[in-house]
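Everything on this sheet refers to the single structure shown next.
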Amino acid sequence: MPKQLVLMDHDGGIDDYLATMLLMTMDHIKPLGIVVTPADCYAEPAVSATRRILDLMECSHIPVAQSTVRGINPFPQLYRRDSFIVDHLPILNQTDTIKTPLVAQPGQNFMIQVLREAREPVTLMVTGPLTTVATALDLAPDIEAKIQKIVWMGGALNVPGNVEKNWEPGQDGSAEWNVYWDPISAAKVWQTQIKIIMCPLDLTNNVPVTSDIVKKMGQQRQYPISDLAGQCYALVIPQDYFFWDVLATAYLAHPEFYLLKEWETEIITTGLSQGRTKIVPGGRKISAMAQVDKDLFYDYILQQWAR
């Protein structure tokens with residue numbers, strides 16, 4: 001059975017590293033590279049941490065590229081500093097050298113190259129804002145035909161967003177961060193014909209990172225991947241933290257765990273609702289993950305990280 005070609009584009013939050021780790025365990029996937037979009041992170045430690053993770057997982061043949069795009073509404077510094085913490089975890093610093101190559105060209109140009117050279121259409125697994133994708137499409141409209149689909153963690157459809165009004169003045173609380181960072185780019189991607197499968201807050205709000213599952217990772221910490229995953233999640237356990245990017249990425253391996261629902265939508269780019277993914281009749285059709293079998297999902301990630 002031919003492997004599914006996947007190019008990952010993440011934005012350097014803790015959940016992004018864990019989604020990357022999950023992707024690397026999927027036997028039926030051929031990862032073509034990883035682009036780091038500098039949104040929920042500081043770029044250099046996020047790129048370094050990504051390369052160190054690939055080294056740890058013996059995946060140092062997979063190239064990493066740093067996107068040079070910029071968003072409109074920066075993530076809070078408190079969120080972004082996690083990239084420094086992960087890059088300094090002892091399990092990732094057992095040697096001074098990093099084998100995984102850093103591509104010389106910017107991530108958006110690397111994305112264009114990978115898509116043009118791919119022998120068949122590629123799935124884009126995006127766990128951050130859509131800015132790098134939109135920029136690549138602007139630079140090279142021909143690559144749209146090479147994108148099979150975008151699986152994206154982003155948006156909030158029938159629930160409030162996670163851009164809190166007390167953090168971001170002038171907002172009504174309807175926006176989700178991966179849209180809000182750059183709603184104009186999200187709207188550009190919405191104007192394409194590319195199939196979009198969203199993992200919105202509507203679903204992720206129901207799949208929390210629990211103390212129980214973090215302790216289960218600890219119980220299998222003889223496996224380096226579980227050890228690293230448990231360390232990362234231990235950092236966020238006092239917060240309201242959910243399986244955002246990991247839940248979205250697991251769809252690639254087990255779509256049968258999920259129920260999809262189709263919606264007609266638009267991206268709001270200005271005003272109080274800037275960054276909202278709004279349901280509107282006649283809008284852009286997307287598929288959204290509406291339900292997931294949580295027990296199967298939790299069992300799956302524990303099994304995959306026991307290596």
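A pairwise comparison of heavy atoms in D9 and M111 identifies OD2-CE, 3.8 Å as the closest pair. The shortest non-hydrogen separation linking P183 to I267 is O-CG2, 3.6 Å. Shown here for C41 and D11, the closest heavy-atom pair between the two residues is SG-O, 3.3 Å. Of all heavy-atom pairs between V86 and I14, the closest is CG2-CG1, 3.9 Å. Considering all non-hydrogen atoms of both residues, L252 and H28 come closest at O-NE2, 3.0 Å.
Salt-bridge annotation for R70 and D182: absent, with no side-chain N of the basic residue lying under 4.0 Å from a carboxylate O of the acidic one. Using a 4.0 Å cut-off between a side-chain N of Lys or Arg and a carboxylate O of Asp or Glu, D55 and R51 do not qualify as a salt bridge.
For N73 and Q274, the side-chain atoms include at least one donor-acceptor pair closer than 3.5 Å. Looking at D212 and T210, their side chains never bring a donor and an acceptor atom within 3.5 Å of each other. Side-chain contact annotation: E176 with T277, donor-acceptor N/O pair under 3.5 Å absent. Inspection of the Y233 and D15 side chains reveals an N or O donor paired with an N or O acceptor under 3.5 Å. A donor and an acceptor atom, one from each side chain of Q113 and Q105, are located under 3.5 Å apart. Side chain to side chain, T132 and S67 meet the donor-acceptor criterion of an N or O pair below 3.5 Å.
Remark: W305 CH2 to M57 CE distance equals 9.5 Å, nearest 0.5 Å. Residue L296 holds its CG atom at 10.0 Å from OH of Y258, rounded to the nearest 0.5 Å. A distance of 8.0 Å separates NE2 of H88 from OG of S48, quoted to the nearest 0.5 Å. Note: Q303 CD to Q220 CD = 10.0 Å, rounded to the nearest 0.5 Å. In this structure, the separation between CG on D82 and CG on D87 is 12.5 Å, given to the nearest 0.5 Å. Between the CE atom in M21 and the CD1 atom in I225 there is a gap of 5.0 Å [rounded to 0.5 Å].
If you chain together ILVMFWY residues whose side-chain heavy atoms come under 4.5 Å of each other, I98 ends up in a group of its own.
Using a 4.5 Å cut-off on side-chain heavy atoms (C-beta onward), T265 and L157 make contact. Considering only heavy atoms from C-beta on, Y180 comes within 4.5 Å of Q171 through its side chain. Within the 4.5 Å cutoff, the side chain of Q4 has no heavy atoms near those of the K30 side chain. Side-chain contact between M289 and I197: present, with at least one pair of heavy atoms (C-beta onward) separated by less than 4.5 Å. Contact annotation: the side chain of D240 never approaches that of P208 to less than 4.5 Å [non-hydrogen atoms, C-beta and beyond].
When the side chains of ILVMFWY residues are joined at heavy-atom separations under 4.5 Å, either directly or via intervening members, L5 and V64 end up in two distinct hydrophobic clusters.
Without hydrogens or angle criteria, K216 side chain to Y298 main chain gives no donor-acceptor distance under 3.5 Å. Judged by distance alone, with hydrogens and angles left aside, the side-chain atoms of T37 form no donor-acceptor pair with the main-chain N or O of A39 at under 3.5 Å. Formation of a donor-acceptor pair under 3.5 Å by the Q94 side chain with backbone atoms of I91 is found in this model.
Using cut-offs of 30° and 60° for the angle between ring planes, the F257 and H254 rings count as parallel. Aromatic ring orientation, H10 versus Y17: perpendicular (interplanar angle above 60°, classes split at 30° and 60°).
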Problem set entry | CA sep, side-chain torsions, deciding dist, call: F242, L203, side-chain contact (heavy atoms from CB on, under 4.5 Å) | CA-CA 10 Å; F242 298 89; L203 181 63; over 6 Å; no

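Taking R276 as the reference, nothing meets the side chain to side chain donor-acceptor pair (under 3.5 Å) condition, with sequence neighbours excluded. Under the side chain to side chain donor-acceptor pair (under 3.5 Å) criterion, K188 pairs with D138, sequence neighbours left out.
Stacking of R80 on the aromatic ring of F75 is not recorded, the 6.0 Å distance cut-off and the 45° axial limit not both being met.
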